[in-house]
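Input: a single structure, listed below in structure tokens.
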Amino acid sequence: EAEAAGTGMVLTSDGLILTNNHVIDDSTEITVTIASTGETYTATLVGADTENDVALLQIDDASGLETVTLDTDAESIGDAVTAVGNADGGGVLMAADGEITDLESTVTTSSSATTEGESLDGMIEIVADVVSGDSGGALLDSDGEVIGMTTAASVGSATTVAYAVPIEDALRIVEQILAGDESGTVTIGSPAFLGVQIAEQATTGPGYGRGPSSEQQSTESSGAEIGGVIDGTPAADAGLEAGDVITAVDGTNVTDGDALSTLLADYDPGDTVTITWTDTAGETHTADVTLMVGPA
């Protein structure tokens with residue numbers, strides 16, 4: 001039941017929203033509030049690029065929304081800018097004035113909660129008092145037009161250095177998502193979800209959670225040992241339990257948690273797959289399950 005808050009930009013009057021992937025990463029429910037009207041909508045994930053930290057959302061039953069004005073012209077170091085965002089998740093848009101200090105900066109972010117750190121290249125670097133919650137917000141030029149999407153900032157220093165994805169880079173990813181092109185690091189829609197947590201696995205992925213190292217897992221047994229099953233998921237409905245070992249998906253052998261994640265990533269929500277597993281008594285079971293929509 002954890003919650004997080006960030007910022008987004010309205011790209012179309014019917015509710016396409018641009019934001020950072022890390023703002024919505026691992027979410028099971030997304031809502032968008034339009035600051036100028038106070039209206040709140042449910043949103044779904046259209047697609048994302050985790051490596052470049054871009055996500056595209058679609059809010060439901062929206063029309064006539066005011067959109068941001070985009071500027072893809074070249075910027076210069078020293079230009080005045082304003083970062084606008086949901087500072088500290090307070091629900092009110094705040095402005096932080098600053099100036100551009102670099103146009104081709106590289107930043108490595110820190111890990112937080114279930115979101116891993118990342119290295120981002122080609123960023124607009126600014127000096128401005130950007131804070132948590134501003135992620136996904138508009139970086140405006142002196143004409144009030146969007147030149148970037150605020151993504152990261154330094155903490156713990158007297159001067160805050162912030163970083164934004166250039167809007168032209170973000171829009172290229174948006175176009176790829178809208179075209180349904182899953183090449184590179186772009187994914188379309190939310191992942192399929194089985195609903196198990198792997199007992200001996202460090203990496204997260206579709207259908208499972210965190211734990212000790214995959215190397216430890218693979219040396220102990222062949223298959224993905226279940227550490228827990230989430231209520232109300234296909235795995236729970238199929239009768240999978242903690243201690244069971246998943247050995248195959250649609251007849252393809254599963255060697256460990258990584259292999260299970262890789263196999264499930266090839267399916268979409270609503271797909272029916274055959275899961276084979278061995279219980280703690282050594283008996284083999286098979287069940288057909290229909291995968292559900294998983295966390296973003």
Side-chain angles (χ1 to χ4, degrees), residues 1-2 21-22 24-28 45 47-51 53 110-119 182 184-296:
E1 300 299 325
N21 180 70
H22 78 259
I24 54 88
D25 189 33
D26 282 340
S27 62
T28 56
L45 178 64
D49 185 331
T50 56
E51 185 171 300
D53 207 353
S110 300
S111 300
S112 61
T114 60
T115 301
E116 296 183 1
E118 57 192 351
S119 291
E182 286 197 290
T185 54
V186 167
T187 57
I188 306 300
S190 296
F193 192 60
L194 177 60
V196 297
Q197 183 182 43
I198 296 305
E200 304 287 349
Q201 184 68 33
T203 307
T204 56
Y208 65 93
R210 294 174 180 266
S213 70
S214 57
E215 290 80 9
Q216 180 182 357
Q217 153 68 24
S218 60
T219 59
E220 290 179 356
S221 63
S222 178
E225 182 181 351
I226 300 173
V229 176
I230 301 170
D231 291 340
T233 64
D237 293 341
L240 287 157
E241 298 178 348
D244 293 346
V245 176
I246 296 177
T247 57
V249 175
D250 276 347
T252 301
N253 289 338
V254 172
T255 55
D256 55 24
D258 284 337
L260 177 61
S261 176
T262 299
L263 286 171
L264 292 177
D266 289 334
Y267 294 92
D268 296 319
D271 287 348
T272 298
V273 299
T274 301
I275 303 295
T276 304
W277 73 95
T278 303
D279 64 22
T280 54
E283 296 186 10
T284 299
H285 305 264
T286 298
D288 291 336
V289 301
T290 300
L291 300 173
M292 64 185 293
V293 175

Exercise for review: Rounded to the nearest 0.5 Å, what's the gap from CD on Glu225 to CG on Asp256? Could you check?
Suggested key: 12.5 Å
Revision key, fill the gap. Interatomic distance, CG@Asp49 vs OG1@Thr185, rounded to 0.5 Å, equals 3.0 Å
**Study point:** Listed partners of Thr274 passing side-chain contact (heavy atoms from CB on, under 4.5 Å), at least two apart
**Key:** Asp250, Thr286, Asp288
**Study point:** Val249 vs Ile275 side-chain heavy atoms within contact, under 4.5 Å
**Key:** yes
Check your understanding: Does a sphere of radius 6.0 Å around CD in Glu51 hold more than 12 heavy atoms from other residues, nucleotides or ligands, not counting ones at 6.0 Å or beyond?
Key -> no
Review point. Got a sec, which residues hit side-chain contact (heavy atoms from CB on, under 4.5 Å) with Asp266, two or more places apart in sequence or on another chain?
Key: none
Review point. Do Ile246 and Leu194 have side-chain heavy atoms sitting under 4.5 Å apart?
Key: yes
Study note, to complete from the structure: Across all chains, not counting sequence neighbours, the side chain to side chain donor-acceptor pair (under 3.5 Å) partners of Thr252 are none
Review point. Looking only at heavy atoms, what is the nearest atom pair of Val245 and Ser222, with distance?
Key: CG1-O, 3.7 Å
**Study point:** N/O donor-acceptor pair under 3.5 Å between Asp53 side chain and His22 backbone
**Key:** yes
Point to revise | With sequence neighbours excluded, residues passing side chain to side chain donor-acceptor pair (under 3.5 Å) with Ser119 | key: Thr108
Exercise for review: List in chain and number order the residues that pass side chain to side chain donor-acceptor pair (under 3.5 Å) with Thr290, two or more places apart in sequence or in another chain; answer none if no residue qualifies.
Suggested key: Thr272
Practice item. Please check if the side chain of Thr262 supplies one atom and the backbone of Asp258 the other of a donor-acceptor pair under 3.5 Å. Key: yes
Check your understanding: Any donor-acceptor pair under 3.5 Å linking the side chain of Glu182 with the backbone of Ile188?
Key -> yes
**Study point:** Residue pairs, two or more places apart or on separate chains, that pass ring pair (Phe, Tyr, Trp, His ring centres under 6.0 Å) and touch residues 272-296
**Key:** Trp277-His285
Revision key, fill the gap. Taken in chain and number order and not counting sequence neighbours, the residues that satisfy side-chain contact (heavy atoms from CB on, under 4.5 Å) with Leu45 are Ile24, Ala48, Ala55, Leu57, Ser190, Ala296
For residues 228-242, which side-chain donor-acceptor pairs fall under 3.5 Å, sequence neighbours excluded?
{"residue": "Thr233", "atom": "OG1", "partner": "Ile230", "partner atom": "O", "Å": "2.6"}

Review point. Under the side-chain contact (heavy atoms from CB on, under 4.5 Å) test, which residues partner Thr50, sequence neighbours left out?
Key: Asn21
Point to revise | Straight-line distance of Thr278 OG1 to Asp244 CG, nearest 0.5 Å | key: 8.5 Å
